[in-house]
Amino acid sequence: MKDEEEKMHEYIKDFTNAHSTIKKVEGIDGTFRTIKISVKTFLIIGTIVAIIMIIPIVAMVMDKASIVFTMDKEGYITTIEKNYRQRIEIVEDNSTKKGNGVILFKTEREPIVEFKSVKTIAGGVESYYIEYEGKALKYYIENGEEEIFKGIEIVEIPRSITINMFKSEEILEFEAYLPIESYSQLEDGVRQLIELRKFMQKKIRTFEIPLHIKIGEYIGGYDYKEMKAEEEIIYQEKQNYYWYLKNKGEDVNFIPEEDLLKIDRPQTLDVYVNGERLVNKKQTEMEKYYAEQDGREYKTVYIVANYNQEEKCYETDIDDIVRNCDKFQILDDGTSGLSARIKFSYQNREYEVHWRDRKVHGKKLPYGGNIEFLEQVLKIKLEYDYQNKKVNLIIP
């Protein structure tokens, strides 16, 4: 558009110079401005029209191009049948030749259900959204005679899936709950959900519906997707419920003493150094900045250690402790060069914090992990105070 204007200007200029003896015609500038505005308007309108015409064409091309990279519909259906150990028929098909889009299926053998499949592709990556697992579980809850389905509640959660820029489809996701009345029923509840998942995995090769124990308003944090030893799941379920009660300030005296000996650990401990609570200086500065922007009071950010139920230990960000404790001298903060590590000195010896994994390698501490690594490598004494939810590092 700029080139057209410049050409017009040059033309008027040349014409004027060539005919300088001719008296300037009144209104020629106004005429030029009118022509200039018209050219702009024409080009803008033309661009808008072109974009409107191109969008559907691009969308169609992208949709057609995407199916080149995906399996054919027959292969897609075969994969579903294999994963779910089923025979299925198509009830309604609104998909491409490659199966991208929406298909409504019906099973040919137990459990007899209709379920929707939505298959999309974006950036060459396929995504699948299939209702079968939830529909199958719902079928057995409503029709199964097994004890493991008694009392199970299933919840349907609508979710909108984008197929392309012009179309989306609603599909159902599922969660299931086992309501129980009290702590004393936790062990039996765990066993029921374990057996339920085993049953569903025999029927379906892949079964990923979240299962939760529920006591009143409490919903258990374990979802039974990862099957562990029964004793370990019972331990985690009891401890999660114990933490829930403690955080709400409710009575826990009804819990047997033998259980308390195993689960009576605070979920989080505040980290102290020689009796002083350790502040995360960088995070506190960020909190202060955003608080000032929002016109509110800022809160000091402290370093904490969280209980890892798997490892039965408290884990913390070791790099934050090293950065924020003046007992350590930072030699290299990890921002220079290509090495992802912090070098520091403690009691005239050099150590490192690494990001390779969460394990100790000689004098190299992981960026995060068991807080007792500080005791193991640096010989720092740890004092646990579960009553007051804190751990004190004794650093000379």
Side-chain angles (χ1 to χ4, degrees), residues 111 113 131-159 172-268 306-315 386 389:
V113 295
E131 296 176 332
Y132 179 72
E133 296 170 43
K135 291 291 185 73
L137 177 58
K138 185 177 180 180
Y139 171 89
Y140 285 115
I141 291 173
E142 295 175 350
N143 302 284
E145 297 180 357
E146 290 80 1
E147 289 288 325
I148 55 175
F149 293 105
K150 288 189 175 179
I152 300 294
E153 299 175 352
I154 191 164
V155 177
E156 299 178 355
I157 306 166
R159 179 182 176 188
L172 293 177
E173 294 184 345
F174 299 82
E175 292 183 358
Y177 302 91
L178 172 61
I180 60 176
E181 294 181 359
S182 64
Y183 177 91
S184 62
Q185 296 178 336
L186 267 173
E187 291 190 21
D188 289 337
V190 169
R191 295 188 183 99
Q192 181 176 341
L193 291 182
I194 289 174
E195 292 304 312
L196 187 154
R197 181 165 291 281
K198 286 180 180 178
F199 175 91
M200 294 304 298
Q201 286 176 332
K202 288 179 182 178
K203 297 289 183 179
I204 303 174
R205 179 171 297 178
T206 57
F207 181 76
E208 297 295 330
I209 300 298
L211 307 175
H212 298 282
I213 280 177
K214 183 163 66 172
I215 309 175
E217 296 180 353
Y218 168 77
I219 295 176
Y222 194 75
D223 63 9
Y224 294 79
K225 287 184 178 180
E226 180 185 358
M227 294 308 296
K228 305 175 184 177
E230 180 181 292
E231 295 76 15
E232 180 63 22
I233 298 175
I234 289 173
Y235 158 77
Q236 289 193 25
E237 288 282 31
K238 287 183 174 181
Q239 189 168 58
N240 288 336
Y241 186 53
Y242 167 78
W243 284 340
Y244 168 80
L245 295 173
K246 290 286 286 186
N247 289 336
K248 291 192 69 176
E250 296 189 12
D251 180 34
V252 295
N253 291 328
F254 62 86
I255 299 177
E257 186 175 351
E258 59 182 331
D259 283 356
L260 287 174
L261 289 173
K262 298 177 183 178
I263 66 176
D264 186 13
R265 297 288 185 275
Q267 192 170 6
T268 301
N306 297 304
Y307 191 71
N308 184 323
Q309 292 179 307
E310 308 283 342
E311 302 297 330
K312 309 293 190 299
C313 69
Y314 284 95
E315 293 186 333
Y386 296 137
K389 298 181 180 180

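The residues of the chain are indexed from 1 along the displayed sequence. Computed from a prediction, not measured in an experiment: that's the story for all the values here.
- For Lys262, the salt bridge (charged side-chain N to carboxylate O under 4.0 Å, His left out) test picks out no residue, with sequence neighbours left out.
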Leu186 and Ile234: CA distance, side-chain angles, deciding distance, side chain to side chain contact (heavy atoms under 4.5 Å, CB included) verdict | CA-CA 7 Å; Leu186 267 173; Ile234 289 173; over 6 Å; no
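- In this structure, the side chain of His212 engages the main chain of Tyr222 through a donor-acceptor pair within 3.5 Å.
- Scored by the salt bridge (charged side-chain N to carboxylate O under 4.0 Å, His left out) test, Lys389 finds no partners at all (sequence neighbours excluded).
- Within a 6.0 Å radius of CD in Glu310, more than 12 heavy atoms belonging to other residues, nucleotides or ligands are found.
- Residues meeting the salt bridge (charged side-chain N to carboxylate O under 4.0 Å, His left out) test with Glu232, sequence neighbours left out: Lys312.
- Contacts classified as side chain to side chain donor-acceptor pair (under 3.5 Å) and involving residues 201-210 (residues at least two apart or in different chains) are not found.
- Looking only at atom types and distance, the side chain of Asp259 has no donor-acceptor partner in the side chain of Tyr242 under 3.5 Å away.
- For the atom pair Ile263 CD1 and Glu258 CD, the distance stands at 10.5 Å (nearest 0.5 Å).
- In terms of the side-chain contact (heavy atoms from CB on, under 4.5 Å) criterion, residue partners of Asn143 (sequence neighbours excluded) are, by chain and number, Tyr139.
- For the pair Val252/Tyr183, no side-chain contact is recorded, criterion being any heavy-atom separation below 4.5 Å from C-beta on.
- Glu181 is linked by a side-chain contact (heavy atoms from CB on, under 4.5 Å) to Gln185, counting only residues two or more places apart in sequence or in another chain.
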Please output the side-chain donor-acceptor pairs of residues 190-200 that fall under 3.5 Å, not counting sequence neighbours, one pair per line with the distance.
from	atom 1	to	atom 2	distance (Å)
Arg191	NE	Glu230	OE2	2.9
Arg191	NH1	Asp188	OD1	3.3
Arg191	NH2	Glu187	OE1	3.3
Gln192	NE2	Ile148	O	2.9
Gln192	NE2	Lys150	O	3.0
Arg197	NE	Tyr224	O	2.3
Arg197	NH1	Phe207	O	2.7
Arg197	NH2	Ile209	O	2.7
Arg197	NH2	Tyr224	O	3.4

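- For Lys135, the side-chain contact (heavy atoms from CB on, under 4.5 Å) test picks out Val113, Phe115, Glu131, Leu172, Phe174, with sequence neighbours left out.
- Residue pairs satisfying the salt bridge (charged side-chain N to carboxylate O under 4.0 Å, His left out) criterion with at least one member in residues 212-227, sequence neighbours excluded, are listed as follows: Glu153-Lys214.
- Taking all atoms of both residues into account, the shortest heavy-atom contact from Ala136 to Ile204 is CB-CD1, 3.8 Å.
- Lys228 NZ: more than 12 foreign heavy atoms inside a 6.0 Å radius.
- Side-chain contact check for Tyr314 versus Pro266: some heavy-atom pair is nearer than 4.5 Å.
- Scored by the side chain to side chain donor-acceptor pair (under 3.5 Å) test, Tyr177 finds Glu175 as partners (sequence neighbours excluded).
- Counting only heavy atoms from C-beta outward, the side chains of Tyr241 and Leu245 approach each other to under 4.5 Å.
- Taking the six-membered ring where the residue is Trp, Tyr140 and Phe149 present parallel rings, their angle staying beneath 30° rather than reaching 60°.
- Evaluation of the side-chain contact (heavy atoms from CB on, under 4.5 Å) rule for Glu231 yields Ala229 as partners, not counting sequence neighbours.
- In terms of heavy atoms, Glu311 sits closest to Asn308 at N-OD1, 3.0 Å.
- With sequence neighbours left out, Glu250 forms a salt bridge (charged side-chain N to carboxylate O under 4.0 Å, His left out) with Lys248.
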